[in-house]
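Every value quoted in this text rests on a predicted model; they were computed, and no experiment measured them. Letters go in sequence order (proteins before strands), and every chain restarts at 1.
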Amino acid sequence: MTDQKPVISCRNVWKMFGPQPEAYLAGLDPAASFEAIRADGYVPAVRNVSLDIAKGEMLVIMGLSGSGKSTLVRCMSRLLDITGGAIEVEGHVIGDLSERQLIDLRRNKMGMVFQSFGLLPHRTVLDNVAFPLEMRGQDIHARRARAMEVIELVGLGGREDYFPRELSGGQQQRVGIARSLAIEPDIWFLDEPFSALDPLIRREMQDEFLRLQEMLGKTIVFITHDFDEALRLADRIAIMKDGAVEQIDRPDRIVMEPATPYVAKFTEEIEKARVVHASALAGPVNGLSLSGDAVDGSKTISQLARLLVNDERSILPVAGPDGGVIGALDKQRALDVLFGEAQ
Amino acid sequence: MTTVATDAPVSVAGQSRLRMAQVLFGAALCLALAKGLLPDAMIRLPEAWVLPFADWFNAVFNFMRDDLGLVHVTRAFADGLDWFLDVTANLLYGKNRWPRIGPIPWSVIAVTAAIVGYALNGWRLAALSGLTFVWIAVMGQWQWAMETLSVILIAAPVSVLLGLVMGTLAWRSARFRAVLNPLLNVAQSLPHFAYMIPVVVFVGVGPKAGAIVTIIFSVPPMIRMTLLGLQKVPTEVIEAGQMAAATPWQLLRHVRLPTARTEILVGVNQVIMQCLAMVVLASFIGMPGLGQKLLQLLQALKIGRSFEIGITIVLLAVMLDRCSKAWAMKQPVHMEKGTPWAVRHRLLLIWVFATVVLWGLSLIFPLLHEIGRREALSLADPLDVAMDWIIATLDPVTQWLRWFLIVWVLIPLRDGMLWLPVSAVLVFLMAVGWAVGGRRSALICLAYFGLIALSGWWDRAMITVYTVTFSVFIATLIGFPLGIWGSRSDRRAKTVLLVCDTLQTFPSFIYLIPVIMLFGVNDVAVVGAVVLFAAVPLIRYTIEGLRGVPDAQIEAADMSGATRKQTLWSVRLPLALPTIMVGVNQSVMFSLFMVIIAAFIGTQDLGQEMQRALSSSDVGKGMVLGLAVAFMGLMVDHLVTVWATRRRKALGLG
Ligand SMILES: Nc1ncnc2c1ncn2[C@@H]1O[C@H](COP(=O)(O)OP(=O)(O)O)[C@@H](O)[C@H]1O
Ligand SMILES: [Mg+2]
């Protein structure tokens, strides 16, 4: 997938809130600190962000509350106009789209799920889900049939005549998800979709979400401030602080090789063994003499724990997806990850 | 020890503000005491300084009416409205106009009202709605009530529509909002009569004038609520709409307005209540109906009959209020799957059936169609007997009260107010302003009353001020203890609040009936009516203030061993005071409105002049007098708002 053009590409994106953001940004010293900008009465919600999202990838954006996650995603869907830089979606600079073109883009390509659901209280589940189709001018029978399909898909069959008020939080968010899927979008934005839910329901919804993603294979930008959630879902994680992206990388690399002290601190509490895969830890073979069965590179260290502890060898071969050996795993290093570095 | 922050630390700014206020108080006192030494110009403004505001207003109005030809526009609009009024008039009381199918039998209307009541909120509302119309029919007031309703039926929807459009425009354009907001403030503090005079000039008198004045009077709250509702729509709902690729118009129509439904319907409720209040008063400009009948009967001192009409108006008010509130609160509920059509539309079918049956029956039994004067019941005779007895029994008390109030309170107070030099009053008001909100507030107070002085209506205005001040004072004496009593337990609070809510739905005119009954037509009756009317918001806000004190604060006080009385005085009341002051503010507003309405039973204040301006269709004079009243209200409003906001902040109540 790396050789394809990215679906979403952000180049030096800035989003500034304040009285005259464009003029202010134009005269801004590029090295100005977050605090200095705040002191001038502006909020740099997104600061100089550059990233690419490949087709079919799931990028999870993480960060503390107020770090600019929602703002960044709203810039990508152009719910907000950016102050500086450029964002391309499927090759179109979305800042240059006319109102008409933007509406077309949203009608055919984008879906979004919101933290507090954003349902229309006066419409039934069915009419909420059919809303994007109605806006697109689809006739009533076609849109109802399609809405029923997605309602079944998210497991709300039988509830289509209910009003949002009559549903639980988890069910309401299923409606939100169904609505965002109704137009069969290629790009799916989810802004903390499960944060307002109870932990048990959240888990259930994550499983549900993974099932959907496996089935649909969409390009996804997913916001959360819950690291466990991020680890369960992400292909790559972007960590934001004060509007800037501190690091964007695969989960195991974020954990094993934090780019900044902030990211290190952020990931400190994480049980690394549950994140890091054998393949990520494996070093080059480089003529080492490897013997015995290879371990599966796609397993995490904690999944391999029993095997590692019982194995006599100090260096183990690691197998790639096709079964061929792709590297050598130093057992001591793996055990360090498993039990934490010896102090 | 738990300390409850009831006294905010006095800041440096606060201290200098108080010092300045003290100086000004002193100056005002000196000015009053040294009246003999003051030059005449400081006692009353010399004639030459009085600005001819009225002439200016007249010039503007004449220009708009004649030169701009606005009168043709308004007349055309009025004629259009007239067509609709004729339709409802035909349906409700059989006026001989298109569509010529009316009058609808009273029994059909009563059943329709009952079914609407049931659909909105179950059996109790059904009974209230249905029985209201049964009462009206049985008491022989059908014609008048329908004359009134036929205007409301047109005025309220027009007003709602106008309010929606203007509210939406105000929401879209910050500039429009900036212009509209002060206008609405003034409009909402202008007394009813001030609206009538221009309408008489532009449209004439009669039902269509009544409808138009009603529309104008009831639009402001609708604008406000629409704006509020649109501003309150959660961002994520709007973003969801945008992501669904709604165009701006689709967004407004399908997302914003429906999501603001509750606020908009609360606006509808307010429109309906304002309409009823105004349509009753519009009898002064020749609007037939309940109001006109009530006015005639009151002027003829026919107490029993006016009481009957009073009950009708009250029933209508309560019914309209409950129905529209129930509509606002009603949340959609889904039907079980596979519910048959007939069950889904059960009420509609019952309604169609009942209408057909009753209409048929009314052709056979005319009494179901119309109850004539002869067949109508009347409670007037026994009521009159009962009233006479009550009045006779209370007579020694009311006589004495009347004598005491007039001789010992009202006349001395009035003379005192009239004696005060203009300069002393102005400096005093500046002192109050300074104490409350510093220089800005002082200047605002000065501006409002300075303009009143410049208008040349100072003496009349002082009489209004004295009536209002005295009435609000008495209302506080009654309302405050009642509020404290009412806030003692949840159940009591609920009951008292319900009573207050109900009393507040009554059109102001109604309050005149009992006081005229007891005191006759004089100043005491006016004060009585104003006190009654003004006490209601005070009771209500006292209870709401006291009940709204956070539990944690009270528990803290309880745990520090405070007695109930100590808790009340040192925790509950200080924390409730900002809310209570909002009640005082409303109380003053209500008093001002009431004083002006009460003018027709004989006062010497601005209200009486307003009546004169109305009968001579003097737009300029009417506007000046109306604005004078509005300025008094706006000044109090400004002071209370500034004070309460600062106090809330100091108490950390948000
Ligand atoms: N409309 C706005 N006006 C001003 N500041 C805003 C606005 N929206 C967001 N912000 C500010 O931008 C920053 C980032 O907000 P947001 O993107 O919502 O953070 P997150 O989603 O990571 O919690 C915050 O400091 C927030 O206060
Ligand atoms: Mg957010």
Side-chain angles (χ1 to χ4, degrees), chain A residues 70 73-74 77-80 99-137 157-167 175-176 179-180 182-183 185 187-189 191-192 196, chain B residues 119-121 164 172 174-175 225-226 228-268 326-341 343-346:
Chain A
S70 300
V73 162
R74 278 163 177 70
S77 57
R78 215 184 135 192
L79 285 170
L80 293 173
E99 165 114 16
R100 196 67 246 168
Q101 290 168 318
L102 180 67
I103 284 183
D104 278 343
L105 182 73
R106 287 187 184 147
R107 280 188 179 167
N108 301 310
K109 298 263 163 165
M110 291 178 171
M112 183 153 175
V113 181
F114 299 88
Q115 178 175 3
S116 45
F117 322 138
L119 301 180
L120 297 171
H122 59 288
R123 287 174 168 244
T124 60
V125 168
L126 184 67
D127 289 337
N128 259 295
V129 174
F131 185 69
L133 306 171
E134 185 182 334
M135 294 301 101
R136 176 152 106 161
R159 296 278 158 91
E160 61 273 10
D161 289 334
Y162 282 51
F163 288 92
R165 195 177 47 87
E166 299 174 307
L167 300 174
V175 180
R179 175 179 61 188
S180 68
I183 59 153
I187 306 168
W188 205 11
F189 299 109
D191 186 355
E192 304 201 28
Chain B
L120 289 173
N121 204 16
L164 272 177
R172 297 233 347 184
R175 199 158 331 136
M225 291 312 292
T226 305
L228 180 74
L230 286 175
Q231 286 171 334
K232 262 178 61 178
V233 177
T235 351
E236 291 205 337
V237 173
I238 295 164
E239 286 176 339
Q242 286 173 323
M243 287 309 290
T247 60
W249 167 248
Q250 285 175 322
L251 210 56
L252 183 67
R253 158 103 177 59
H254 294 289
V255 177
R256 293 185 200 266
L257 284 176
T259 311
R261 173 185 182 276
T262 304
E263 281 78 17
I264 289 176
L265 287 181
V266 169
V268 170
W327 187 25
M329 292 306 137
K330 201 168 172 55
Q331 295 291 345
V333 180
H334 75 276
M335 290 270 181
E336 275 315 312
K337 253 199 145 40
T339 316
W341 188 90
V343 178
R344 279 176 195 268
H345 301 87
R346 196 181 87 229

K.L.:
Rounded to the nearest 0.5 Å, how far does CZ of A/Arg107 lie from CZ of A/Arg100?
P.N.:
5.0 Å
K.L.:
Atom CG of A/Asp191 and atom CD of B/Glu236: how far apart are they, to the nearest 0.5 Å?
P.N.:
6.5 Å
K.L.:
When you compare the side chain of B/Leu257 with that of B/Val233, does any pair of heavy atoms fall below 4.5 Å?
P.N.:
no
K.L.:
Given heavy-atom pairs under 4.5 angstrom as the criterion, report whether the side chain, backbone, both or neither of B/Pro332 touches chain A.
P.N.:
both
K.L.:
What part of A/Glu160 lies closer than 4.5 angstrom to a heavy atom of chain B: side chain, backbone, both or neither?
P.N.:
side chain
K.L.:
Check whether A/Thr124 gets within reach of chain B through its side chain, its backbone, both or neither, counting any heavy atom under 4.5 Å.
P.N.:
neither
K.L.:
Any chance the rings of A/Phe163 and B/His334 have centres within less than 6.0 Å?
P.N.:
no
K.L.:
At a 4.5 Å cut-off on heavy atoms, which part of A/Arg165 comes close to chain B: side chain, backbone, both, or neither?
P.N.:
side chain
K.L.:
Within residues 245-253 of chain B, which positions have a heavy-atom distance to chain A below 4.5 Å?
P.N.:
B/Ala245, B/Ala246, B/Thr247, B/Pro248, B/Gln250
K.L.:
Would a 4.5 Å heavy-atom cut-off, applied to side chains only, mark A/Met112 and A/Leu79 as touching?
P.N.:
yes
K.L.:
Among A/Gly118, A/Ser77, A/Ser180, A/Gly176, which residue has the highest count of heavy-atom pairs closer than 4.5 Å to chain B?
P.N.:
A/Gly118
K.L.:
Name the region of B/Val333, side chain, backbone, both or neither, that has any atom closer than 4.5 Å to a heavy atom of chain A.
P.N.:
both
K.L.:
Based on non-hydrogen pairs under 4.5 Å, which of B/Glu336, B/Gln331, B/Lys337 is most in contact with chain A?
P.N.:
B/Gln331
K.L.:
With a 4.5 Å cut-off on side-chain heavy atoms, are A/Pro132 and A/Arg179 touching?
P.N.:
yes
K.L.:
Hey, are the side chains of A/Arg123 and A/Glu134 touching, using non-hydrogen atoms and a 4.5 Å cut-off?
P.N.:
yes
K.L.:
Apply side-chain contact (heavy atoms from CB on, under 4.5 Å) to the pair A/Ile183 and A/Asn108, showing each step before the final yes or no.
P.N.:
CA-CA 6 Å; A/Ile183 59 153; A/Asn108 301 310; 5.9 Å; no
K.L.:
Do B/Val237 and A/Phe114 have side chains that get closer than 4.5 Å, going by heavy atoms?
P.N.:
no
